[in-house]
Enquirer: 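My questions all concern the structure below.
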Amino acid sequence: MRGDLVAREPERLARWEKDGLYRRIVEKRRAAGSPKFVLHDGPPFANGDVHMGTALNKVLKDLVLKSKSMAGHECPYVPGWDCHGLPIEFKVVKESRGLESAEIRRRSEAFARQYIDIQRNSFRRLGVLGDWENPYLTLSPEYEADIIRVFATLVEKGLVYQSQKPVQWSYGAQTALAEAEVEYQDVKDPAIFVKFPLATGAYAGESSMVIWTTTPWTLPANLGIAVHPQFTYLRGEFTNAERGVTENFIVVRELVEVFGQKTGFVPSGELAELKGAELEGAEAQHPFLPRTSRVILADFVTTETGTGAVHIAPGHGSEDYLAGQQNGLGLLSPVDDEGKFTAEVGVDFLVGKHVHESNVPIIKLLAEKGALIGKENYLHSYPHCWRSKTPVIFRSVPQFFIRIDALRETALKEIDRVQWLPHWGRNRIFGTVESRPDWCISRQRTWGVPLPVFYDAETAEPILDADLARRVADLTESGGTNLWFEKDDAWWAEQLGLPAGTTRCTDTLDVWIDSGSSHVAVMDRHPELSCPADLYLEATDQHRGWFQSSLMLSVAVRDAAPYKAVMTHGFVVDQDKKKISKSEAAKSGKPVDAAYFYNKYGADILRLWVSSVDWQNEVPFGEDLFKQTAEPYRRFRNTLRILLANLHDFDAAKDAVADADFPLLDRWILERLHQVVVECREAYAAYEFRKVFNTLNQFCAVDLSALYIDITKDRMYCDAADSSRRRATQTAMHRVFEALAKLLAPILSFTADEAWEYAGYADPVHLELFPEAAPAFAAAEASEKVAQFSRLRDLAQVAIDAAVKADEFKKRERAAVVFHLPPDDPARALLESAPEEALEFLMVSSFALADAEGEATATVAATAHEECLRCRRSLPLVASRLCGRCEEAAAIS
RNA sequence: CCUUCCGUAGCUCAGCAGCAGAGCGCUCGACCGAUAAUCGAGAGGGCGCGGGUGCGAUCCCCGCCGGAAGGACCA
């Protein structure tokens, strides 16, 4: 057994694949009637190389599957890829502009397939076993057809509607975004105070409302001003001494002081109190457009910032939209796909201007009109598109939505029936499901599954029809959804028997519908799988993403969650706990691609690293940390190797000794093994791979390498080959080896199997079951005695080291030890009753007992015995300059 | 502002009520029949801080500080 993992692992992998190892394991379990365990693979995006984060996820899945399988489960694993979506279309469109839809889709598919191959090779190389020949792809026609059928079901249940309410819009990507596609960044924006003179009502021509906003560009769409009905507002003269201006304002009482600090306008006369409710219905003059803005009442008004009067632009915010609806304010959204103002904006010089370049001119305009009351820089977190990194704007265009309220109650109930690992995952998804708005599912993009909706030839109203959608699914099932983009409206109308002139929707479905439908398109379809899955296992960001989209669609389709348990792991971060970004990693020369590591160190080292990591939290990563796990790897490898070497002349069937015949030391190691087996089995069952790693590492380092193997070396080399003591050791080592190889197999998949092969087994270790705990060794009978021995050994060690340093002798085998022990020391009885074992354990020439008054101590001197020529121990020698044992052994051989 | 998680040797982490542990790294030594190994010794820790409950607390409880994640607010 040699190292050289980088060269040897691929050879073993090739053999596994040639023999169909994955399939053999599944079939063996099935033949044994093992219960199933279904881990449903969350599909990674097919748009990049496998980096450490992806590798962590897939290897964790493999650890789960291999350990479940060895614990006696049938574990089918169908990996998949998420193929549609903006990230891919983005790259394709960037390369060459002005492509036809069908061409974009062809190139996008080629792009996705290219990365599917790259990623698949990486995952295989990492030793992840699964049905790699038949993965599920969200771009395959059958999968796409199932997505459309899921949509049909949603329509059938009345869950889909079209509306023009504001959605989060990325002008960078020119599409609506879902909540999960939005990330928040801290930005500084101008926040301004704007005067709206009242034109009707009790204070018409006298007082002005003042609003506060961080988005001046939404002012052209202003249609209302909201005040809180119960708040107390103050009305009266405010003077800005610096500017020499006096105005009559209405400001909420709690904010008058702050308002003064920020705008310079402080009360200069008596202020009258009034309730917000009194202002309802008054019209205020828009600061630069020839229309008025109605004062409405709303509970969401707060006294935290601003003036207590809130600028309402129903086209640019969801609360604004709702308030607008309730009060019949109408809706303006004078912004196009690119984020530029349309003619509807009503101000000539703004038309065609980007909204984010319009803040300054609008502020200037306000100042000219005398409507700008104050201005400040305001630091806040603002949503950004996760792909184009541009700020998100709220914008109203017709979109399709799923009614979340119809699903929410069941979804929340289902969340509490699922096991969340770690437990706080429950709160995370519960919170988002509890508060999420309706799901905007239409995307104005090309690379995706078409939204199977038509528009009436006459009225242009959308036709939401489940049967129609199902027929679209049937039509695309064989040819794929490219049909939607390649054929024209007339063709489709004819195919579906719709009146001529019917047009089809050009939107595609949100990709979260794609992956969120996998429980239907994969779990329900695949004969080996079934829904609900036993486990979903992804990074923690999927609480907002896949876990949620899957839950919602599953509740819509089957009124239940698609999973019984959900496990999440943290992100891979660099050693300073900063996010690892590819561009930065490249700059600093810190590789993050999994390929770099398995090509340099080997997949088993990477797997061992994964097992050693605390997946619940963020996972720090760096090459230094990675190298640290190479050391334990060598220990595992060497331990397996020396065990194998010591077993070279052992035939379990012939040579094994009975349980009752184990000497102390061997009984002890089997007691330890018993604990290790129990602990590892439990740890695997709880997915605590790190505990497995720690337990096995300690077992190999402390119990096996430093003690058991070291001490029994003498027996192995020098006892007569067939002596019962040597055979007992081999029997124990044989058990230890088998258990160790099996317990390591899920983690060190290549190395454990290599050892297994060397041990003479024809079939890979991965077909085996975990070792069973041996009840006969559950009691720690020998362990207590060995603990005493260890104590004595440590005691002697100090004295021996001093003697070696003083040049009294060179090695511990030359030491004659005297233990000075108190009369009641428990070690006394042990030394007297088992002198042979004691001598062997201590690895010294001789020992003697003496009385001690206080603490136990040991003294040493050079032994008078000569070294046995054969075993090099210093013992009483017989005539031939051999010790008694060696003379006998030599006589036999 | 709220919730959760984390804070033990230089590094990565065990332990979780009863004399502070492992691995790596470092220093020094032994072995030379696990040798691109193996064995040993040493240095290195008021177990984040402050209280509390216990005979006894790193471990339980409360508060605080520091770090991370999520939520709320804002959009």
Side-chain angles (χ1 to χ4, degrees), chain A residues 1-4 166 168 182 184-187 189 191 213-215 218 300 302 304-306 316-320 378-384 391-394 422-432 434-435 540-541 543-544 568 570-571 573 575-579 609 612-614 616-622 624-635 637-646 690-691 693-695 697-702 704-707 709-711 713-714 716-718 793-794 796-798 800-802 804-805 809-814 843 870-872:
Chain A
M1 255 181 95
R2 290 216 181 144
D4 201 10
Q168 308 203 68
V182 162
Y184 292 79
Q185 291 173 25
D186 281 337
V187 292
D189 275 323
T213 179
T214 57
T215 50
T218 59
F300 59 77
T302 69
E304 274 166 31
T305 50
H316 293 308
S318 51
E319 279 182 341
D320 301 45
Y378 190 68
L379 187 70
H380 61 158
S381 70
Y382 192 85
H384 288 68
V392 162
I393 59 176
F394 273 86
H423 66 90
W424 40 258
R426 180 263 176 202
N427 285 345
R428 226 183 254 192
I429 190 163
F430 196 92
T432 53
E434 201 174 24
S435 62
T540 171
D541 58 337
H543 282 118
R544 310 181 118 247
T568 54
F571 289 119
V573 295
Q575 283 169 66
D576 308 323
K577 299 253 176 175
K578 272 183 270 170
K579 258 195 188 166
W609 171 75
S612 75
V613 125
D614 177 17
Q616 293 199 31
N617 296 107
E618 287 194 320
V619 179
F621 178 79
D624 293 347
L625 298 179
F626 195 80
K627 277 184 191 159
Q628 275 193 17
T629 62
E631 206 50 46
Y633 172 80
R634 281 206 212 98
R635 184 185 317 288
R637 186 177 188 85
N638 277 316
T639 305
L640 289 169
R641 190 167 60 164
I642 185 68
L643 289 172
L644 279 173
N646 284 345
R690 170 178 229 160
K691 188 166 184 187
F693 170 84
N694 273 320
T695 301
N697 191 28
Q698 302 249 359
F699 181 57
C700 286
V702 180
L704 286 174
S705 195
L707 287 175
I709 292 172
D710 202 37
I711 292 169
K713 225 182 270 183
D714 174 67
M716 295 313 303
Y717 298 143
C718 303
R793 200 172 137 111
D794 292 344
Q797 188 66 48
V798 179
I800 290 169
D801 274 327
V804 168
K805 200 158 230 173
F809 48 82
K810 293 292 284 181
K811 55 179 186 175
R812 69 177 302 134
E813 285 81 357
R814 296 291 299 157
M843 297 207 297
R870 186 162 172 274
C871 68
R872 300 193 182 178

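Letters A, B, ... are given to chains in the order of the sequence lines, protein chains preceding strands, and every chain is numbered from 1.
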Enquirer: For a quick test of reading the model: is some side-chain N or O of A:Arg428 closer than 4.0 Å to OP1 or OP2 of B:A69?
Expert: no
Enquirer: Please work out if A:Ile800 contacts a base, only the sugar-phosphate, or nothing of the nucleic acid, heavy-atom cut-off 4.0 Å.
Expert: nothing
Enquirer: For B:G7, does the glycosidic angle fall within 90° of 0 (syn) or outside that (anti)?
Expert: anti
Enquirer: Distance-only, no hydrogens or angles: does the A:Arg814 side chain make a donor-acceptor pair with backbone N or O of A:Phe809 under 3.5 Å?
Expert: no
Enquirer: Compare every heavy atom of A:Arg870 with every heavy atom of A:Cys718, then report the nearest pair and how far apart it is.
Expert: O-NH1, 2.7 Å
Enquirer: Give a yes or no answer on whether the side chain of A:Asn697 reaches the backbone of A:Phe693 with a donor-acceptor pair at less than 3.5 Å.
Expert: no
Enquirer: Find the partner of B:A68: check Watson-Crick (N1-N3 plus N6-O4 or O6-N4) and G-U wobble (N1-O2, O6-N3) distances, both under 3.5 Å, and reply none if neither fits.
Expert: B:U4
Enquirer: With P as the reference atom in both, quote the distance from B:G21 to B:U3 in angstrom, rounded to an integer.
Expert: 37 Å
Enquirer: Between A:Asn617 and A:Leu704, which is nearer to the 5' end of RNA chain B once each is assigned its nearest nucleotide?
Expert: A:Asn617
Enquirer: By the 4.0 Å heavy-atom rule, please label A:Gln628 as base, sugar-phosphate, or nothing.
Expert: base
Enquirer: Scan A:Ala645 against the nucleic acid and name what it touches under 4.0 Å (heavy atoms): base, sugar-phosphate only, or nothing.
Expert: nothing
Enquirer: Between B:A30, B:G33, B:C13, which nucleotide has the shortest distance from any of its atoms to the side chain of A:Tyr717?
Expert: B:G33
Enquirer: Nearest-Å distance, CG (A:Asp710) to C1' (B:U35)?
Expert: 14 Å
Enquirer: Please check the phosphate of B:C74 (OP1 and OP2 only) for any side-chain N or O of A:Thr214 closer than 4.0 Å.
Expert: no
Enquirer: Any heavy-atom pair between the side chains of A:Ile642 and A:Met716 that's under 4.5 Å?
Expert: no
Enquirer: Do the non-hydrogen side-chain atoms of A:Met843 and A:Arg793 ever get within less than 4.5 Å of each other?
Expert: yes
Enquirer: Would you mind classifying the nucleic acid contact of A:Lys810 as base, sugar-phosphate or nothing, using non-hydrogen atoms under 4.0 angstrom?
Expert: sugar-phosphate
Enquirer: Would you say the side chain of A:His316 lies within less than 4.5 Å of the side chain of A:Pro166, judging by non-hydrogen atoms?
Expert: no
Enquirer: Would you kindly give the CD-to-C1' distance between A:Glu631 and B:A22, to the nearest whole Å?
Expert: 14 Å
Enquirer: Locate the shortest heavy-atom distance separating A:Gly570 from A:Thr540; write the atom from each residue and the value.
Expert: CA-CG2, 4.3 Å
Enquirer: Quick one: label A:Asn694 by what it contacts on the DNA or RNA (base, sugar-phosphate, nothing), any heavy atom closer than 4.0 Å.
Expert: sugar-phosphate
Enquirer: Where the side chain of A:Ala701 is concerned, which of B:G23, B:A34, B:C13 is the nearest nucleotide?
Expert: B:G23
Enquirer: For the C1' atoms, the ones on B:C2 and on B:G42, what distance do you get once it is rounded to whole angstrom?
Expert: 50 Å
Enquirer: Given atom CH2 of A:Trp424 and atom P of B:C5, what is their separation to the nearest angstrom?
Expert: 10 Å
Enquirer: Given the structure, check if the side chain of A:Ser705 and the base of B:A34 hold any donor-acceptor pair shorter than 3.5 Å.
Expert: yes
Enquirer: Closer to the 5' end of RNA chain B via nearest nucleotide, is it A:Gln698 or A:Val804?
Expert: A:Gln698
Enquirer: Taking pairing as Watson-Crick or G-U wobble with both contacts under 3.5 Å, can you name the mate of B:G10, or confirm there isn't one?
Expert: B:C24
Enquirer: Would you call the rings of A:Trp609 and A:Phe626 parallel, tilted or perpendicular, taking 30° and 60° as the class edges?
Expert: tilted
Enquirer: To the nearest Å, how far apart are A:Leu707 CG and B:A34 P?
Expert: 16 Å
Enquirer: Heavy atoms only, 4.0 Å cut-off, all strands: where does A:Arg812 land among base, sugar-phosphate and nothing?
Expert: nothing
Enquirer: Distance between the C1' atoms of B:G46 and B:A9, in whole angstroms?
Expert: 13 Å
Enquirer: Can you find a side chain N or O atom of A:Arg641 that sits less than 4.0 Å from OP1 or OP2 on B:U35?
Expert: yes
Enquirer: When you get a sec, tell me which of B:A37, B:A34, B:G71 is the closest nucleotide to the side chain of A:Thr432?
Expert: B:G71
Enquirer: For residues A:Gln616 and A:Pro422, determine if any side-chain heavy atom of one lies less than 4.5 Å from a side-chain heavy atom of the other.
Expert: yes
Enquirer: By nearest atom, which of the nucleotides B:C5, B:A22, B:C31 is closest to the A:Lys811 side chain?
Expert: B:C31
Enquirer: Looking only at side-chain atoms of A:Lys713, point me to the closest of B:A34, B:C13, B:A68.
Expert: B:A34
Enquirer: So that I can tick it off, tell me whether A:Lys713 and A:Asp710 are bridged by a salt bridge, with the cut-off set at under 4.0 angstrom between side-chain N and carboxylate O.
Expert: yes
Enquirer: Apply the syn/anti split at 90° from 0 to B:G33 and say which one it is.
Expert: anti
Enquirer: Reckon A:Arg872 touches a base, only the sugar-phosphate, or nothing at all at heavy-atom distances under 4.0 Å?
Expert: sugar-phosphate
Enquirer: Both distances under 3.5 Å, Watson-Crick or G-U wobble: report the partner of B:A34, or none.
Expert: none
Enquirer: Would you please confirm or rule out a distance under 4.0 Å between OP1 or OP2 of B:A41 and any side-chain N or O of A:Lys805?
Expert: no
Enquirer: Considering just the side-chain nitrogens and oxygens of A:Arg814, establish if one lies under 4.0 Å of OP1 or OP2 belonging to B:A30.
Expert: no
Enquirer: Of all the nucleotides listed (B:A41, B:U35, B:U3), which has the minimum atom distance to the side chain of A:Asp801?
Expert: B:A41
Enquirer: Between B:G18 and B:G54, how far apart are the two C1' atoms, rounded to whole Å?
Expert: 12 Å
Enquirer: In whole angstrom, give me the gap between the P atoms of B:G7 and B:C60.
Expert: 11 Å
Enquirer: Of all the nucleotides listed (B:A37, B:C5, B:G29), which has the minimum atom distance to the side chain of A:His423?
Expert: B:C5
Enquirer: With both distances under 3.5 angstrom, what nucleotide forms a Watson-Crick or G-U wobble pair with B:G44?
Expert: none
Enquirer: Out of B:U12, B:C5, B:G29, which nucleotide sits closest to the side chain of A:Arg690?
Expert: B:U12
Enquirer: Applying the Watson-Crick and G-U wobble criteria at under 3.5 Å, what pairs with B:C60? Answer none if nothing qualifies.
Expert: B:G52
Enquirer: Considering only the P atoms, how many Å lie between B:C11 and B:G25, rounded to the nearest integer?
Expert: 16 Å
Enquirer: Nearest whole angstrom, please: distance from the P of B:A36 to the CD1 of A:Ile642.
Expert: 13 Å
Enquirer: Calculate the interatomic distance between A:Ile709 atom CD1 and B:U38 atom P; express it in whole Å.
Expert: 10 Å
Enquirer: Rounding to a whole Å, what distance do you find between A:Asn646:CG and B:G33:C1'?
Expert: 11 Å
Enquirer: Please tell me which of the listed nucleotides, B:C32, B:G23, B:C39, lies nearest to the side chain of A:Ala706?
Expert: B:C39
Enquirer: Take the protein atom CG of A:Asn697 and the nucleotide atom P of B:G21, then report the distance between them rounded to whole Å.
Expert: 18 Å
Enquirer: Closer than 4.0 Å, any side-chain N/O of A:Ser435 to the OP1 or OP2 of B:A72?
Expert: yes
Enquirer: Between B:C5 and B:U35, how far apart are the C1' atoms? Round to whole Å, please.
Expert: 46 Å
Enquirer: Phosphate oxygens OP1/OP2 of B:C24: is one of them under 4.0 Å from a side-chain N or O of A:Arg635?
Expert: yes
Enquirer: When the C1' atoms of B:G67 and B:G48 are compared, how many Å lie between them, rounded to an integer?
Expert: 11 Å
